[in-house]
Amino acid sequence: MLLERETELGLLSDLLAGVGSSGGKVVLIRGEAGIGKSSLVGAFLDSCADTAHTHVGVCDNLQTPQPLGPLWDIARSEPALRHALQERDRQAVLEAFFDLSLVSLRPSIVVIEDTQWSDEATLDAIKYVGRRMARANGLLLLTYRIGEVDIDHPLRSVIGDLPPQIVTRIELEGLSRSGVAEIVGESGLDPGRIFEATHGNPFLVSEMVLAGGDNVPSSVGDSVMARVGKLSAPARDMLRVLSVIPQRVPRLDLALLTGGSLGDVAECERLDLLVVAPDSIGFRHELIRRAVEASLTISESISVHARLLSVLPSDTDPARVVHHARGANDVARLIEFAPKAAGAAEEVGAHREASAHYRALEPYLEQITAADRANLLMEWARVEYYLANTRAIDILDSAIELYREHGSGRDLAAALGLAVAVNETHARTKVAESHALEAIRVLEPEGPSSDLASALSRYADLLLHQGEGVRADPVVERAIEMGQETGSEVAQIRALIVKGMLAYVRGMSNGRGLIEQARSRAEKGNHRYEEVSALRSLAYSAQEHNDMDLAQDLAQRARATAIRYELPFLESEANGVYADSLMRTGNWEAAEDLATESVGSHANADVHLMRVLGLLRLRRGRSGGRQNLDGARKLAEESGEIDYLLHVAAAIAEEMWL
């Protein structure tokens, strides 16, 4: 029974009717748990089942979310999306997902429920489709719990990146006293007491009515467990197993996973605990599942998770295996499947989820052989690097020590090469240089190789940033020659960027052309880091030549590309260049907003961002400017990078003049 939602249903119907003339829309449906978000969506989909294509995916409350979980739900009936997901082709997944909204004859409605539990890759897909909905033929509906999406929740930034003109917000409120009275009906309960206890939350009202009697249950758990107690032993056992599975269970898998029967399901359905669809079974509400799960003792929970591990099909997603392995304290399964789950997450750009899987292994690292542990730490550090986390430094240091004792020279050099990038990003230039030189020493006895070409290009880049252009010249030429000889495209691209920047700082006309050549090759070869690095370098060089229109265009392209490839540390650096160019062209409000929003990510970006904030506050006579410049100076001195030192020195000179 859907009460007091006529206004919301009317708004959704109007939006759907208008997509043919005004383009697609994104609808944000938010409210507390149990307020009726899913009921509203279900009623809307029922009302337009004959006039629109509908696709529904649900985000599950796993300890570490399954990458692209809701898209897998939708893919059951969409072969193109299913194929892209199976191939783990990130761009193909995004395009296939967007294609769902481009059906020409009838509009499409794509629903993602409980987006507060979205993984990083799903959020990326939502952003990709959401930003393009204006040219789609349909609606993208996102539901989420308002209490679980705070200012730092990643869903917030996704919503903030959507074009405001295509976004409609629906916030659901509780039922009125009359609405509560209608649900209470002739139960004999006091509608006023129910309203005061529930604030009109439809789910809580229903639970209290289902509990019956004169005494209002003190919690949802009391109400749920009172009904669970009325089940037969087999039905109760089945329900307890289902409670540790956060997603709906296919009907065909019911007996295998839970040992239950459709008769047991029918018992639970009659007591409003489960809802049965044609192909799956699930709890009527997530709060019911949580209440049943919370009733399990620790030993019962471990036993149920262990039972599920013993019967899971071999093709089960590794993230789901990890969920049950953690619940069962099955260390062997965790060690086996967490790296697989992390790798699968990383392939589709879900770096945060990959990091979570590696963190789950941390207490058990000593149980992994030294060689395997070194490889695992290397991959973990790469993920933390993409997320701009300083923790990557310590993880890499451990991997390097293991490789020195147990790995090959190439393994050690690869770890050292990543350590160069990580330490340089966090303004540890001297440490980065030490790692670069060690990598070169390790590789040189083996003769020319792509690994050595890469190490040389990294070293040349460090020399460039320290103002050591004369020393960098022979290194960069050697890197280019060896890259050509060994076919190392990445090493050549990196070296071309350095060569272009060296030419630029010397006032040579070919500098920008060399960097553009590197950018073009990176884009064609799908070398994401290098593509963004080239765009950022082009923006910086345009800015230093006072071509601010070009600088801002290139900086925005660098930001957009970094966002698309999920490279937050490069996004922050591009933000630094863009904020600087906004300040130089007099757009102080936008510059300060961007710098304030972006500062605090990592040291290299913060040098520019804190300098911009410091200058703007000083020019406006505001407090805090001196502290910002002191912070920028400290970071610049720690890095030893000449560009940082020069720009901060100029800012301090302006401060003294003011």
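In this text, all values refer to a predicted model and were calculated from it rather than measured experimentally.
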Determine, step by step, whether E286 and D114 satisfy the side-chain contact (heavy atoms from CB on, under 4.5 Å) criterion, reporting the C-alpha distance in whole Å, the side-chain angles of both residues, the deciding distance to 0.1 Å, and the verdict. CA-CA 10 Å; E286 171 68 10; D114 288 320; 5.6 Å; no

Let me see the working for L68 and V93 under side-chain contact (heavy atoms from CB on, under 4.5 Å), right down to the final yes or no.
-> CA-CA 9 Å; L68 299 171; V93 168; 4.1 Å; yes

Apply salt bridge (charged side-chain N to carboxylate O under 4.0 Å, His left out) to residues E293 and R290 and explain how you reach the verdict.
CA-CA 5 Å; E293 185 182 25; R290 287 187 179 185; over 6 Å; no

* **salt bridge (charged side-chain N to carboxylate O under 4.0 Å, His left out) between E362 and R391, intermediate numbers included** => CA-CA 13 Å; E362 191 168 12; R391 192 173 191 191; 2.5 Å; yes

### Query
What do the steps show when you test R320 against D60 for salt bridge (charged side-chain N to carboxylate O under 4.0 Å, His left out), and what is the final call?
CA-CA 10 Å; R320 299 188 187 278; D60 298 318; 3.5 Å; yes

Next item on the list: Evaluate the criterion side-chain contact (heavy atoms from CB on, under 4.5 Å) for residue pair I302 and H305; output intermediate values, then yes/no.
Entry: CA-CA 5 Å; I302 291 173; H305 279 290; 6.0 Å; no

Could you give me the CA-CA distance, side-chain angles and deciding distance for R106 and T51, then say whether side-chain contact (heavy atoms from CB on, under 4.5 Å) is met? CA-CA 7 Å; R106 288 194 292 170; T51 58; 5.5 Å; no

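Proximity of a side-chain donor or acceptor of S301 to a complementary backbone N or O of I298 within less than 3.5 Å is not detected. A distance-only check finds a donor-acceptor pair linking the side chain of S310 to the backbone of R307 [under 3.5 Å]. The backbone N or O of R528 lies less than 3.5 Å from no partner atom in the side chain of E531, so there is not a single donor-acceptor pair. A donor-acceptor distance shorter than 3.5 angstrom exists from the side chain of R156 to the backbone of V149, with no hydrogens or angles considered. Checking side-chain atoms of R373 against main-chain N and O of I368 turns up a donor-acceptor pair under 3.5 Å.
Between M238 and L254 the shortest heavy-atom distance is SD-CD1, 4.1 Å. Minimum interatomic distance between T115 and H153 (heavy atoms only, all atoms of both residues): O-CE1, 4.4 Å. The two atoms that bring T143 and V41 nearest to each other are CG2-CG2, 3.9 Å, heavy atoms only. Scanning both residues, A342 and A354, for their nearest heavy atoms gives O-CB, 3.5 Å. For the residue pair S77 and P79, the shortest heavy atom distance occurs at O-CD, 3.7 Å. For the residue pair E353 and S118, the shortest heavy atom distance occurs at OE2-O, 4.4 Å.
Cation-pi contact between R132 and Y128: present, with separation from the ring centre below 6.0 Å and deviation from the ring axis of at most 45°.
Looking only at side-chain heavy atoms (C-beta outward), L172 and R5 come within less than 4.5 Å of each other. Side-chain atoms of L210 and E207, non-hydrogen and from C-beta on, do get closer than 4.5 Å to each other. Proximity of K25 to M133: side-chain heavy atoms (C-beta onward) are nowhere separated by under 4.5 Å. Two residues are said to be in side-chain contact when any heavy atoms from C-beta on lie closer than 4.5 Å; Q247 and N61 fail this criterion. Considering only heavy atoms from C-beta on, I400 comes within 4.5 Å of L416 through its side chain. Counting heavy atoms from C-beta on, the side chains of L312 and L257 come closer than 4.5 Å. At least one side-chain heavy atom of N375 sits less than 4.5 Å from a side-chain heavy atom of Y403. Counting heavy atoms from C-beta on, the side chains of S108 and L100 never come closer than 4.5 Å.
Between the NE2 atom in H323 and the CG atom in D317 there is a gap of 12.5 Å [rounded to 0.5 Å]. Here the straight-line distance linking atom CD1 of I159 with atom NZ of K127 works out to 11.5 Å at 0.5 Å rounding. Atom CZ in F44 sits 6.5 Å away from atom CG in L141 (nearest 0.5 Å). Distance check: L71 CG to R76 CZ gives 12.0 Å after rounding to the nearest 0.5 Å. To the nearest 0.5 Å, atoms CD (E120) and CD (E346) are separated by 10.0 Å. Put simply, CZ on R359 and CD on E384 are 6.5 Å apart, with the number rounded to the nearest 0.5 Å.
Side-chain atoms of N201 and E32 include a donor-acceptor pair closer than 3.5 Å. Between the side chains of D451 and S454, no donor-acceptor pair is found at a separation under 3.5 Å. In this model, no donor atom of one side chain and acceptor atom of the other lie less than 3.5 Å apart for D89 and Q91.
Electrostatic pairing of R90 and E347 does not count as a salt bridge here, judged by no charged N lying under 4.0 Å from a carboxylate O. A salt bridge links R30 with E171: at least one charged nitrogen is closer than 4.0 Å to a carboxylate oxygen. Between R382 and E379 there is a salt bridge, since a side-chain N of the basic residue sits under 4.0 Å from a carboxylate O of the acidic one. A salt bridge is absent between R82 and E78; no separation between the charged side-chain nitrogens and carboxylate oxygens falls under 4.0 Å.
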Ignoring hydrogens and angles, write down the donor-acceptor pairs under 3.5 Å from the side chains of residues 269-283, residues two or more places apart or on other chains.
unit_1 : atom_1 : unit_2 : atom_2 : d
S280   : OG     : R248   : NE     : 2.9
S280   : OG     : R248   : NH2    : 3.4

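Partners of Y529 by ring pair (Phe, Tyr, Trp, His ring centres under 6.0 Å), not counting sequence neighbours, listed by chain and number: F569.
Heavy-atom contacts from other residues, nucleotides or ligands closer than 6.0 Å to CG of D50 number 12 or fewer.
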